Amino acid sequence: MPAPLLSIASSEEWTEQADAVVIGGGIIGVCTAYFLAREGMKVALLEKGRIGAEQSSRNWGWCRQQNRDARELPLATKSLDLWEEIAKDIDQDLGFRRCGLLYLSDNEAELDGWSRWRDFAKGEGVITHMLTSQEANSRGKATNKPWQGGVFSPSDGIADPTKAAPLIAQGASEKYNCRIHQFCAARGVETEAGKVTGVITEKGVIKTNQVIMAGGAWASSFCKQLGIRFPQSAVRSSILSVMPGAKSIPDAMHTSQISVTKRGDGGYTLAISGTANVDVTPQQMRFATHFLPMFAKRWKVLSPGDLQGWLSGHETRSSWSMDQPTPMEKNRILDPRPSKKLIHETLRRARQMLPELGSIPMQASWAGYIDSTPDGVPVIDQSSNIQGFTLAAGFSGHGFGIGPGVGRLISELIVGKETFVNHQQYQLNRLNKSAWGKVSEF
């Protein structure tokens with residue numbers, strides 16, 4: 001069954017012209033639309049299905065600085081403040097809480113790695129605490145085992161994937177007059193003399209000179225229609241939730257065996273960190289060599305998939321016509337089947353490590369496609385070939401937590417403000433080079 005998701009209404013009026021059109025209604029797209037509209041721009045937000053229906057509602061909900069790659073840390077730190085700022089501005093509960101994130105381990109090398117990250121993070125103004133065995137056992141007392149140590153990041157937290165993206169989009173609409181068009185796929189971009197002039201949708205053309213592609217796993221196939229080469233590939237992640245009832249389990253806890261996150265309804269999301277199925281697709285085959293460094297680093301947690309990805313159409317290498325239904329219209333919402341084997345193993349591990357979950361039934365299970373770049377760091381870049389086209393994709397499973405910071409960064413780039421972070425590290429052209437030695441630590 002699909003992940004739970006709050007539904008919101010689309011705007012009643014069609015948009016003939018906009019200062020900016022955002023393609024993709026996930027957390028990146030809605031945060032970008034929100035900040036652009038807050039700058040006073042007339043914004044249209046296009047979503048081929050429902051706002052937040054793909055990976056933005058299928059993730060853990062973590063908003064973390066802990067163990068972030070140095071290239072993403074500024075986005076993560078800024079986003080924590082922006083989660084609170086947005087919620088206050090639109091007067092909505094996004095489920096964001098700085099509950100702290102708890103990591104537990106018996107692996108000396110892993111603990112040493114966390115300790116090195118702690119030392120690095122101090123220089124970036126981020127506070128995280130290494131835990132002694134006694135401290136780890138106290139914080140992890142819900143588990144049925146002792147721990148060698150751990151780490152606790154008190155200022156990190158979680159938000160609610162079931163409602164965050166829809167409520168931010170709704171807030172942008174109600175307070176800043178952003179137009180929301182759901183079940184409206186963007187088919188392509190109109191250009192003249194190398195500049196954006198409009199967006200072609202299944203319902204008509206919207207005239208604009210600024211387009212932001214935030215289409216998640218669909219981004220590369222869309223960019224191909226414009227002659228933009230974007231190495232991107234996705235893996236299928238399977239997670240589950242259990243019913244409310246557990247009382248002593250931490251709100252957000254990670255171990256090598258299982259990771260748990262408290263949900264808004266009092267239940268818990270359960271997952272095995274990093275595990276995923278690799279579904280073969282035309283796009284994956286095209287960019288296979290680009291992803292060799294990442295595969296070499298992650299192969300132990302990746303398993304062969306099936307043909308779901310090929311049939312879903314999000315990683316097609318085909319060209320499509322602007323006057324005919326596109327793959328996005330044929331598959332409005334990516335809703336792949338989860339791996340039964342992985343779901344069973346996740347629940348088994350969770351109940352073994354957290355005895356309190358033993359009598360609590362499973363609530364739901366689902367899967368989602370996590371899109372990635374070859375180095376695991378997103379692309380946030382304005383096109384050098386098409387003036388007015390901005391790409392924001394390849395968030396590699398990190399997009400939910402850093403969504404607000406990314407939206408703020410894109411708005412600053414487009415309106416010409418000084419950016420809060422050096423965005424050169426997110427440029428697309430870096431992916432023309434080898435990613436060996438540059439793959440992020442997840």
Side-chain angles (χ1 to χ4, degrees), residues 24 26 28 54-55 58-59 67-72 75 213-239 271-318 327 334 336 338-339 342 367-381 391-400 402 406 425-442:
I28 303 300
E54 294 190 342
Q55 198 54 29
R58 297 164 188 263
N59 60 85
N67 290 341
R68 283 283 187 193
D69 185 272
R71 292 163 287 185
E72 285 187 352
L75 291 172
M213 161 44 62
W218 298 85
S220 183
S221 61
F222 189 95
C223 286
K224 181 181 180 296
Q225 314 305 310
L226 303 174
I228 297 173
R229 180 177 174 277
F230 173 33
Q232 180 191 38
S233 186
V235 296
R236 175 165 46 93
S237 174
S238 301
I239 64 177
I272 302 174
S273 181
T275 56
N277 292 100
V278 182
D279 293 346
V280 63
T281 68
Q283 186 170 290
Q284 184 189 100
M285 295 170 67
R286 167 67 179 84
F287 295 124
T289 57
H290 291 72
F291 284 87
L292 284 176
M294 179 171 285
F295 181 77
K297 204 165 191 175
R298 316 284 183 217
W299 68 271
K300 290 183 179 179
V301 293
L302 298 176
S303 301
D306 51 33
L307 293 178
Q308 288 188 73
W310 193 294
L311 298 174
S312 293
H314 61 291
E315 292 193 354
T316 180
R317 297 299 297 166
S318 300
L334 284 177
S339 163
L342 188 53
Y369 282 109
I370 299 176
D371 67 298
S372 177
T373 61
D375 62 8
V377 174
V379 169
I380 308 167
D381 196 14
L391 174 61
F395 285 87
S396 309
H398 309 160
F400 183 77
I402 64 176
V406 175
Q425 57 201 326
Y426 312 124
Q427 288 184 327
L428 176 60
N429 63 14
R430 77 176 194 275
L431 300 180
N432 293 329
K433 304 174 184 178
S434 171
W436 290 106
K438 300 175 183 177
V439 177
S440 69
E441 296 291 344
F442 289 1

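Keep in mind that what you see is a predicted model, and the values were worked out from it rather than measured.
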Nearest heavy atoms of [X] and [Y], plus distance in Å:
X    : Y    : value
G305 : N277 : CA-CB, 4.0 Å
C223 : L391 : SG-CD1, 3.8 Å
A367 : R58  : O-NH1, 2.7 Å
L302 : G274 : CD2-O, 4.3 Å
S440 : G376 : OG-O, 3.5 Å
L431 : P374 : CD2-CD, 3.9 Å

- Message: One pair to check against side chain to side chain contact (heavy atoms under 4.5 Å, CB included): Y426 and D381. What are the steps and the verdict?
- Response: CA-CA 7 Å; Y426 312 124; D381 196 14; over 6 Å; no
Would you please name every residue forming a side-chain hydrogen bond (donor to acceptor under 3.5 Å, both in side chains) with [X], sequence neighbours left out?
X    : answer
Q425 : none
T281 : E315
S318 : T316
E72  : R68, H398

- Parallel, tilted or perpendicular: ring planes of H314 versus W218, cut at 30 and 60 degrees: perpendicular
- Task: Sorted by first residue and then second, give each ring pair (Phe, Tyr, Trp, His ring centres under 6.0 Å) pair with at least one member in residues 289-311; sequence neighbours left out.
- Result: F287-H290
How would you list, by chain and number, every residue that makes a side-chain contact (heavy atoms from CB on, under 4.5 Å) with [X], sequence neighbours excluded?
X    : answer
S273 : W60, H254, S259
A392 : I28, F395, I410
I370 : Q55, V235, S237
T275 : I272, V301, L342

- Query: Can S220 and R317 be said to form a side chain to side chain contact (heavy atoms under 4.5 Å, CB included), step by step?
  - Reply: CA-CA 9 Å; S220 183; R317 297 299 297 166; 4.1 Å; yes
- Query: Just by modelled atom types, is the Q232 backbone N or O under 3.5 Å from a matching donor or acceptor in the Q283 side chain?
  - Reply: yes
- Message: Between Y369 (side chain only) and P336 (backbone N and O only), is there a donor and an acceptor less than 3.5 Å apart?
- Response: no
Quick one: [atom1] on [X] to [atom2] on [Y], what's the gap to the nearest 0.5 Å?
X    : Y    : atom1 : atom2 : result
I239 : S339 : CD1   : OG    : 13.0 Å
M294 : S233 : CE    : OG    : 9.5 Å
L334 : D371 : CG    : CG    : 10.0 Å

- Message: Using side chain to side chain contact (heavy atoms under 4.5 Å, CB included), reason through F222 and I228 one step at a time and then give a plain yes or no.
- Response: CA-CA 9 Å; F222 189 95; I228 297 173; over 6 Å; no
- salt bridge (Lys or Arg N to Asp or Glu O under 4.0 Å) contacts touching residues 213-239 (sequence neighbours left out): R236-D279, R236-D306
- Message: Show every salt bridge (Lys or Arg N to Asp or Glu O under 4.0 Å) that has at least one partner inside residues 428-438, sequence neighbours left out.
- Response: D375-R430
- Residues passing the salt bridge (Lys or Arg N to Asp or Glu O under 4.0 Å) test with D69, sequence neighbours excluded, are R71
